[in-house]
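Atoms considered below: every heavy atom in the structure, side chains included; atoms not considered: hydrogens, waters and symmetry mates.
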Amino acid sequence: MVTVVVGIDDSGYGIFAFQRALRIVKEGDTLYLLTVIDRKKGLIAKENKKTFRKICLEKKVNCISLDETGDVREVMSRVCDEVGADVLVLGSRGQGSLRRVFVGSTTDYCLRFVNCSVLVAKKPASHRDAIPYF
């Protein structure tokens, strides 16, 4: 059984991260959908989790939604430790102020300090301006 944590934000990059996470999980695995409200930036990272949970249900993947508050990097690291994550999946780029939160500092921090493998889901160049779909 594999445990995957996927960082979900309100950008198309969060959707691509979810899509990449779906490639990892199999029937009976557990996928945590993690959104974080960053106290410093006042950002709320929310996505249509209802749709994500429905897709997980169809794949027979255990889906657990987590909403946390705090520094995005620290929350992701802590949650990965708490749930015993095998893999953390992050989107590679955000939009506007999310870019600063989710690209450089968050990805770099997670690559160095999270105690599990980290998959950075890059949005293909052909899809940079497209809204992802399932």
Side-chain angles (χ1 to χ4, degrees):
M1 303 286 238
V2 174
T3 300
V4 176
V5 174
V6 59
I8 304 295
D9 64 12
D10 58 357
S11 73
Y13 297 94
I15 296 171
F16 272 95
F18 175 73
Q19 289 174 330
R20 295 304 182 268
L22 283 178
R23 293 181 182 177
I24 298 170
V25 293
K26 305 275 188 267
E27 183 176 332
D29 291 343
T30 301
L31 180 62
Y32 286 86
L33 304 174
L34 175 60
T35 59
V36 181
I37 300 169
D38 188 324
R39 287 187 297 241
K40 295 177 188 173
K41 305 287 184 187
L43 300 173
I44 187 163
K46 281 196 173 180
E47 189 46 71
N48 189 349
K49 289 186 176 183
K50 184 177 180 180
T51 301
F52 292 169
R53 285 192 298 268
K54 180 180 175 186
I55 292 167
C56 288
L57 182 63
E58 291 169 2
K59 286 189 64 142
K60 298 180 181 175
V61 170
N62 301 314
C63 184
I64 300 169
S65 180
L66 299 174
D67 295 313
E68 300 278 339
T69 302
D71 180 270
V72 176
R73 301 169 302 176
E74 293 171 4
V75 169
M76 287 188 174
S77 181
R78 177 181 51 79
V79 167
C80 286
D81 285 343
E82 288 175 358
V83 304
D86 297 299
V87 180
L88 169 64
V89 181
L90 301 170
S92 66
R93 296 176 118 187
Q95 297 179 16
S97 57
L98 281 175
R99 176 172 290 157
R100 288 187 298 278
V101 173
F102 285 104
V103 176
S105 62
T106 299
T107 301
D108 182 61
Y109 181 93
C110 290
L111 286 169
R112 289 192 284 140
F113 297 109
V114 172
N115 294 319
C116 64
S117 296
V118 177
L119 171 63
V120 180
K122 277 190 89 162
K123 195 174 187 182
S126 61
H127 292 86
R128 294 267 192 256
D129 297 322
I131 297 172
Y133 59 93
F134 298 97

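The distance from atom CG of Leu34 to atom CG of Leu66, rounded to the nearest 0.5 Å, is 6.0 Å. In this structure, CG on Leu90 lies 10.0 Å from CD1 on Ile8, to the nearest 0.5 angstrom. Remark: Thr3 OG1 to Ile64 CD1 distance equals 8.5 Å, nearest 0.5 Å. Gln19 CD to Ile55 CD1: the interatomic distance, rounded to the nearest 0.5 Å, is 8.0 Å. Residue Cys63 holds its SG atom at 12.5 Å from CG of Asp29, rounded to the nearest 0.5 Å. Phe113 CZ to Asp108 CG: the interatomic distance, rounded to the nearest 0.5 Å, is 8.0 Å.
No continuous path of hydrophobic side-chain contacts links Phe18 to Leu57 [ILVMFWY only; heavy atoms under 4.5 Å].
In terms of modelled atom types and a separation under 3.5 Å, the side chain of Lys59 and the main chain of Leu22 share a donor-acceptor contact. Side-chain atoms of Asn62 come within 3.5 Å of backbone atoms of Gly28 as a donor-acceptor pair (strictly under, hydrogens ignored).
Across Thr30, Val89, Leu33, a single residue satisfies side-chain contact (heavy atoms from CB on, under 4.5 Å) together with Val4, and that is Val89.
Here the shortest heavy-atom pairing between Val118 and Cys110 reads CG2-O, 3.6 Å. For Val87 against Cys116, the heavy-atom pair with the smallest separation is C-SG, 4.0 Å. Residue Ser77 comes nearest to Tyr109 through the heavy atom pair CB-CE2, 4.1 Å, listed as atom of the first residue, atom of the second, then distance. Nearest heavy atom pair, residue Met76 against residue Gly7, reads CE-CA, 3.8 Å. Residues Val75 and Glu68 approach most closely at CG1-CB, 3.5 Å, considering heavy atoms. Pairing each heavy atom of Arg73 with each of Thr106, the nearest pair is CG-CA, 3.5 Å.
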Working for salt bridge (Lys or Arg N to Asp or Glu O under 4.0 Å), residues Arg78 and Glu74: CA-CA 6 Å; Arg78 177 181 51 79; Glu74 293 171 4; over 6 Å; no
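Residues meeting the salt bridge (Lys or Arg N to Asp or Glu O under 4.0 Å) test with Arg23, sequence neighbours left out: none.
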